[in-house]
Amino acid sequence: MRVKGGLGLYGRYLGISIRSQMQYRASFVMLSLGHFLVTGIEFATIWILFERFGSLRGWTLPEVGLFYGIVNTAFALSDAAARGFDLFGGMVKNGDFDRVLLRPRGAALQVAGQELTLRRVGRLAQGLIVLGWSASRLAVAWSAGKALLVVASIASASCLFFGIVVLQATAAFWTVETLEIFNCLTYGGVQTLQYPVAIYRTWFRKFFTYVVPLAAVSYFPGLAVLGKTDPLGTGRLFQSLAPLAGPAFLGLSLLAWRVGVRHYQSTGS
Amino acid sequence: MRAPLGPYRSFFAARFRMLLQYRGAAFGGMVTQLVFGLILVMVYEAFYRSSSAAQPMSLEQVRSYVWLGQAMLALLPWNVEGELRAMIRTGGVAYELLRPLRLYPLWYARTLASRLAPTLLRAVPILVLAFAFFGLRLPPSPAAALAYLAATAGAVALGAALTVVFTVSLLWTVSGEGITQLGTALVVILSGMAVPIPLFPDAIRPLVEFLPFRGLVDIPFRLYVGNLPPSAVLPLLGHQLAWTAVLVALGALLLRRGLRRLEIQGG
């Protein structure tokens with residue numbers, strides 16, 4: 001009953017946000033198109049490098065395209081949905097969060113419901129196009145199971161990116177400021193994970209596998225889809241179950257968020 | 001009697017000093033830049049290890065190039081000058097028109113400050129760290145270093161001229177984020193910031209080398225790493241200056257046109 005009420009309320013919030021953005025339709029179209037082009041540069045870069053070097057340590061362009069498509073699609077979804085947490089530093093600074101606490105609903109729900117940023121559709125479209133292109137180019141025998149694994153990987157990576165932004169907002173309970181350092185994990189994570197992590201140095205790869213498990217949610221399931229042997233030596237069962245790390249990370253982030261809410265002291269402004 | 005450049009220099013100095021206050025943001029930005037630099041270096045190392053063919057740029061050169069790019073990122077015409085954008089949106093631009101100064105040099109001076117201050121804050125620590133730990137090399141010769149410094153000055157002038165063109169376009173579109181984003185996309189790929197231009201496919205390189213954008217990154221960075229000889233510096237500076245002149249003329253023309261049809265948004 002409570003869960004249903006919560007989801008319904010979230011839906012209402014998003015409806016309001018979407019309607020308000022649609023008041024500026026021309027601006028929305030321009031911004032989405034701009035976002036599409038800016039994020040598309042990344043793939044142009046990868047294409048140029050493949051033209052020059054032929055392959056990347058035995059990986060082909062369509063194979064890299066699969067990782068690229070998964071991580072960009074996932075980040076676009078999370079970036080659109082987590083905008084409220086992105087703005088959270090400002091809410092703490094202005095004291096706006098006090099109002100949220102007065103209402104008889106969960107704080108996370110209200111913060112998340114502030115905005116669904118529609119113009120992220122630019123990156124989303126770009127990620128999906130690359131994903132579609134690479135799916136058609138890959139010599140993979142597509143099955144329902146493999147398609148499901150791609151979807152699970154995207155959903156899981158979205159959860160993980162969302163979790164990082166929640167942690168970033170949680171830090172604002174103590175610092176009052178949104179910490180730009182977390183951009184290393186969000187934007188830096190996208191940059192890292194659009195290539196197969198096997199190409200990176202060990203310490204770097206381990207960080208993105210065990211500390212912030214972005215490799216677990218995109219690289220490992222991606223390998224299972226490609227049917228490739230992992231140069232790092234993981235097995236298929238592990239690769240197929242690895243996407244569970246995304247929701248787990250989000251769950252832990254929300255626990256940290258709760259601790260933060262209990263710790264909250266208004267700035268009084 | 002005051003020197004004719006006096007007031008413009010004052011606007012430059014005021015904006016510059018104000019932007020130097022944002023040291024916290026500069027620290028966060030610096031760490032992010034270091035991480036991105038590390039990722040890029042590892043990606044290039046992997047690509048270079050994948051092919052035994054001779055490349056138009058060595059891995060050592062690319063490594064230094066990447067770190068210069070991270071250090072000088074704020075110098076690129078990413079975004080329009082923040083104060084001017086706000087003024088155009090709120091109608092505060094009317095005050096700019098009341099000043100007994102010429103508008104184009106005034107806007108150019110403001111833009112120059114907002115490019116240089118954040119760059120200085122970030123560039124020095126990033127260069128020092130990259131030199132100490134991450135494989136940035138010194139220029140191969142004193143001549144290369146001098147050529148680099150000259151070309152960097154050219155890049156600053158060119159970058160500010162291009163930024164003013166983006167800024168003036170706001171007089172038409174008001175919200176203007178669309179055109180800025182498009183401009184950013186063009187600059188990042190065509191300047192050589194995303195990938196060094198020597199690594200581009202041969203078919204598109206002549207076009208990219210003709211366009212103004214290479215003056216921002218490609219020319220100074222390749223002079224630094226020794227991929228372009230210091231003896232070639234004069235024609236390269238000519239390329240930068242010619243395009244700077246074209247963009248200044250274009251910016252001034254657009255500004256005149258834009259002001260003629262300018263309507264100040266209410267109170």
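Every chain is numbered from 1 and lettered A, B, ... according to where its sequence line falls, protein lines coming before strand lines. Keep in mind that what you see is a predicted model, and the values were worked out from it rather than measured.
Atom CZ of R205(B) has more than 12 heavy atoms from other residues, nucleotides or ligands within 6.0 Å.
Rounded to the nearest 0.5 angstrom, T45(A) OG1 and M193(B) CE are separated by 12.0 Å. Interatomic distance, L49(A) CG to S51(B) OG, rounded to the nearest 0.5 Å: 11.5 Å. Here the CD1 atom belonging to I48(A) is positioned 4.5 Å from the CD1 atom belonging to I189(B), to the nearest 0.5 angstrom. How far CD1 of I39(B) is from OH of Y187(A): 14.0 Å, rounded to the nearest 0.5 Å. Distance check, rounded to the nearest 0.5 Å: CG of D202(B) to CD of E51(A) gives 10.0 Å. To the nearest 0.5 Å, the span separating CE on M30(B) from CD1 on I181(A) amounts to 8.5 Å.
Only the side chain of L38(B) has a heavy atom closer than 4.5 Å to any heavy atom of chain A. Contact of Y48(B) with chain A is made through backbone and side chain together, with heavy-atom distances under 4.5 Å. Neither the backbone nor the side chain of Q33(B) comes within contact range of chain A; no heavy atom of the residue lies under 4.5 Å from a heavy atom of that chain. Heavy-atom distances place both the backbone and the side chain of A194(B) under 4.5 Å from chain A. Both the backbone and the side chain of Y200(A) come within contact range of chain B, each with at least one heavy atom under 4.5 Å from a heavy atom of that chain. Contact of F36(B) with chain A is made through the side chain alone, with heavy-atom distances under 4.5 Å. Of the atoms belonging to W59(A), not a single heavy atom falls under 4.5 Å from chain B. With a 4.5 angstrom heavy-atom cutoff, P196(B) does not touch chain A via any of its atoms.
Scanning both residues, R57(A) and R49(B), for their nearest heavy atoms gives NH1-NH1, 3.3 Å. What you find for C184(A) and T32(B) is that their closest heavy atoms are SG-CA, 3.6 Å. The shortest heavy-atom contact between R52(A) and P56(B) is NH1-CD, 3.7 Å.
In terms of non-hydrogen atom pairs under 4.5 Å with chain A, the most contact-rich of V43(B), L40(B), V35(B) is V43(B).
In this pair, F47(B) and F53(A) present their aromatic rings tilted. The plane angle is within the 30 to 60° band.
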